[in-house]
Amino acid sequence: MPELPEVEVTRLSFVGAISGARVLAVRMGKPLRWPLGCRLDRLFNQQVLGVGRRGKYLLVELSDGVLLIHLGMSGSLRFGQELPESGTHDHFDLVTSAGTLRLNDPRRFGAVVFVNKIGDPQAQKLLGKLGVEPLLDGFSPLAFYEQLHLRKTAIKQVLLAGEVVVGVGNIYASEALFLAGIRPTLAANRLSRPRVARLHGAIREVLARAVERGGSTLRDFSNADGQSGYFQLEAMAYGRAGLPCKKCAAPIKMIRQGQRATFYCPKCQKP
DNA sequence: AAAAGCCCCTGGATGC
DNA sequence: TGCATCCAGGGGCTTT
């Protein structure tokens, strides 16, 4: 669920409400992917200056430090003044003067990590190798082409790896490649400049559109206000194995690439 | 050094 | 109804 659009939609849904608040208490449930990295009292009385995002990481900027929050596969955040009592899958509560930010994550692939600064080794280990932000100016067709030209892995897997461009997960990789008319199995370095330019546009279009639609709610994603996303209703390829392509009616194919499902139209997406 | 696999964990859907 | 199997939106780490 949580790819760039879901993370961004989540961020937008609570950044305004939490900014300026002070941390009153912290509660942790079962262990997440990594330990918090500091004592709980390190956070007390700190002010939340804002909430940023880098790829699929949320960056909760405090007056003295940063909380990196990753939603993993099944994580979602809630923010509110009167949240119910913690349930089995609520593993982190940041209680602030404006309300409580709560991470719910059944599979616990998510993480909340405190670092003193974004430049610290601990933060760089997580953020250092990340590619460019697809919705910012740094993501240009030419630079994209040059990066893709260096890799002979299948384009779908290059997108997923996040080292060239961040935020494109399993759903949006399939969707962007569909929009661009590119077969997911094609080696990245075999894409022509015009096709890379198309893919560049398709990635931006699909991610921006998904943010507008509130993300994709496949199982249980919701933003920090508890609202679902609706982009999944517009999916052209993802999750549509065997169903007719919405453009040409040929049955959508599902294959496996690196243990993940890939969906594509064998007719619209050329090798 | 790039690329391919292996896991972490829980719950829901499917099949017998 | 019960139990086993498979699958899932991510990504760091280990192995080739």
Side-chain angles (χ1 to χ4, degrees), chain A residues 1-10 29-35 37 53-58 68-77 87-92 103-113 121-131 147-177 184-190 203 206-207 210-211 213-223 228-235 237-242 254-263:
Chain A
M1 148 197 58
E3 304 182 30
L4 184 147
E6 290 73 29
V7 176
E8 181 64 6
V9 161
T10 297
K30 287 191 185 177
L32 294 164
R33 178 158 193 171
W34 298 296
R53 181 186 56 74
R54 180 72 179 98
K56 297 172 189 169
Y57 286 90
L58 284 171
L68 311 183
I69 301 180
H70 198 290
L71 301 178
M73 289 263 268
S74 58
S76 60
L77 289 173
T88 4
H89 301 308
D90 295 328
H91 302 304
F92 179 83
L103 174 67
N104 180 275
D105 186 3
R107 290 174 75 178
R108 293 191 282 126
F109 287 180
V112 181
V113 175
Q122 171 73 329
Q124 281 310 299
K125 201 175 93 183
L126 300 177
L127 308 177
K129 292 195 314 179
L130 296 183
Q147 285 295 309
L148 293 184
H149 204 66
L150 300 172
R151 328 210 169 206
K152 50 186 183 189
T153 314
I155 181 62
K156 156 89 176 335
Q157 294 180 267
V158 171
L159 293 179
L160 278 192
E163 292 175 4
V164 174
V165 58
V166 293
V168 182
N170 213 34
I171 297 175
Y172 301 110
S174 281
E175 292 303 303
L177 287 165
T185 47
L186 188 59
N189 63 357
R190 308 242 332 229
I203 289 170
V206 78
L207 294 180
V211 171
R213 301 267 73 202
S216 295
T217 296
L218 261 48
R219 270 194 184 76
D220 47 16
F221 169 74
S222 59
N223 69 17
S228 297
Y230 295 94
F231 184 83
Q232 71 281 2
L233 303 175
E234 300 178 12
Y238 185 83
R240 304 194 66 249
M254 178 176 95
I255 59 171
R256 227 155 241 296
Q257 291 180 286
Q259 351 274 97
R260 338 273 299 226
T262 299
F263 301 86

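The chains referred to below are lettered A, B, ... by the order of the sequence lines, with proteins before strands, and numbering in each begins at 1.
The nucleotide whose nearest atom lies closest to any side-chain atom of A:Thr153 is, among C:dA8, C:dG12, B:dA3, B:dA3. Here B:dG11 is the nucleotide among B:dG11, C:dC13, C:dG10 with the atom lying nearest to any side-chain atom of A:Pro106. In this structure, the nucleotide among C:dG11, C:dG12, C:dA8 sitting nearest to the side chain of A:Tyr57 is C:dG12. Nearest to the side chain of A:Arg33, among B:dG11, C:dG10, C:dA8, sits C:dG10. Closest contact between the side chain of A:Glu3 and the listed nucleotides B:dA3, C:dA8, C:dG10 involves C:dG10.
Between A:Glu6 and A:Tyr172, the closest side-chain pair of non-hydrogen atoms falls below 4.5 Å.
To the nearest angstrom, C1' of B:dA3 lies 15 Å from CD1 of A:Ile155. B:dA3 atom C1' lies 13 Å from atom CG of A:Asn189, rounded to whole Å. Between the C1' atom of B:dC9 and the CD atom of A:Gln259 lies a distance of 16 Å, rounded to the nearest Å. Rounding to whole angstrom units, CG of residue A:Leu159 and P of C:dG10 are separated by 12 Å. The separation between A:Leu71 atom CG and C:dA8 atom C1' is 16 Å, rounded to whole Å. One atom, NZ of A:Lys156, and another, P of B:dA4, lie 13 Å apart when rounded to the nearest Å. In this structure, A:Arg260 atom CZ and C:dG12 atom P are separated by 12 Å, rounded to whole Å. When the P atom of B:dC7 is taken as reference, atom CZ of A:Arg107 falls 15 Å away, rounded to whole Å.
Residue A:Lys30 has a polar side-chain atom (N or O) positioned under 4.0 Å from OP1 or OP2 of B:dT10. For C:dG11, one of the phosphate oxygens OP1 or OP2 lies less than 4.0 angstrom from a side-chain nitrogen or oxygen of A:Lys56. Taking 4.0 angstrom as the limit, A:His70 places none of its side-chain polar atoms (N or O) nearer than this to OP1 or OP2 of C:dG12.
Residue side chain A:Phe109 meets the stacking definition with respect to B:dC8: its ring centre sits within less than 5.5 angstrom of the base's six-membered ring centre, and the planes differ by less than 30 degrees.
Counting distance only, with no hydrogens placed and no angle test, the side-chain atoms of A:Arg108 and the base atoms of B:dC9 include no donor-acceptor pair under 3.5 Å. Taking 3.5 Å as the limit, the base of B:dA2 and the side chain of A:Arg151 contain no donor-acceptor pair of atoms between them.
Pairing of B:dC9, defined by two Watson-Crick or G-U wobble distances under 3.5 Å, is not identified with any nucleotide.
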